[in-house]
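Below: one structure, written as structure tokens.
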Amino acid sequence: MIESVFMNKIIHPEISDIIVLPNQIEAVKASSRKIIEAVQKNHEVSITYATGNTMIPVYAELAKAVKAKEVDFSNTKAFHLDEYYPYSPQGEFSFVRFLNEKVFIPLNIPESNRNLLDGTAKDGYNEAKRYDALVSRGIDIAILGIGPGEHIGFNERNTPFDSRTHLAQLSDETVYRDQVERGQDTPGKALTQGIGTILEAKSILMIAYGENKGKYLKNALYGEITPYSPASALRLVGDKVCIVIDKRAADILVD
Ligand code: PGA
């Protein structure tokens, strides 16, 4: 079913598409629609899936569409954006667990098409290297959120723009959010696709709602392009970037 919703755009000098929806529900529908259309067009599409609260309703929409037989993800290839390290895939806050529960199983993505980041690998550096080689075979769509310190994935402030998948030290801001605000038992390190790795995707879909995300985006989109603002790197490849936001985030952007 095609639903028509009110949609507005923000014109930006580098980012080709910034779509504003009146509320979070509509932003979720618009972003999931984009993913569904990409899979309908190419059944073997490779997708990097971000995790986090932003993505939960988006992936629920994808699951609904699969259940309704609108779209078939079973030949798509799935990749992680990041994973805590060291952390067990059975851990409550593991991103392997998140993706299994919210993406891989509900979207019927077979195990052979799931490319997992191993938070239990003995050597995090080697695991990052192994994973980077897999991702480098080519990602069609990288789905991203934005978080503390304008991070993308777990690329914190001052991560080089040409960074590859690596073991990252999480910033104090991110650790505070995870451990204090969210009560997670997660460590202060994580494996993450690097900024250079992410930017190589053929297309990038960033999804953000609410005022807080609006503030991160405002700096990233209108401040200096600098590793101090990891998300500002998206402006270097802005012609393949689409950002879907709700009005609350947009009001901060245009303020
Ligand atoms: P969130 O995380 O969607 O849970 O807010 C986003 C991020 O940290 O990149």
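Atoms within each ligand, like the ligands themselves, are counted from 1 in listed order.
The protein heavy atom nearest to atom 6 (C) of ligand 1 is I146 O, 3.6 Å. Scanning the protein heavy atoms around atom 3 (O) of ligand 1, the nearest turns out to be T54 OG1, 2.5 Å.
Stacking of K102 on the aromatic ring of F98 is recorded, both the 6.0 Å distance cut-off and the 45° axial limit being met.
The shortest side-chain heavy-atom distance between K240 and K202 does not fall under the 4.5 Å cut-off. You'll find the side chain of V45 stays beyond 4.5 Å of the side chain of K77, heavy atoms only.
Proximity of E150 to ligand 1, defined as any heavy-atom pair under 4.0 Å, is not found for any part of the residue. Residue contacts with ligand 1, taken as heavy atom pairs separated by less than 4.0 Å, do not involve T174 at all.
Taking a cut-off of under 4.0 Å to the non-hydrogen atoms of G147, the atoms of ligand 1 that pass are 7 (C), 8 (O), 9 (O). Set against the non-hydrogen atoms of R182, the atoms of ligand 1 under 4.0 Å away are 1 (P), 4 (O), 5 (O). The atoms of ligand 1 that sit less than 4.0 Å from any heavy atom of G52 are 3 (O), 4 (O).
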Open item on the list: Run Y49 and F79 through ring-ring contact (aromatic ring centres under 6.0 Å, His included) and show every step you take.
Closed with: CA-CA 6 Å; Y49 291 91; F79 291 82; 9.3 Å; no

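For atom 9 (O) of ligand 1, the nearest non-hydrogen atom from the set H151, K213, R177, M55 comes from H151.
For the 3.5 Å distance criterion, the side chains of T76 and N113 fail to qualify, holding no donor opposite an acceptor.
If you run side-chain hydrogen bond (donor to acceptor under 3.5 Å, both in side chains) between Y87 and each of D118, T120, D185, only D185 comes through.
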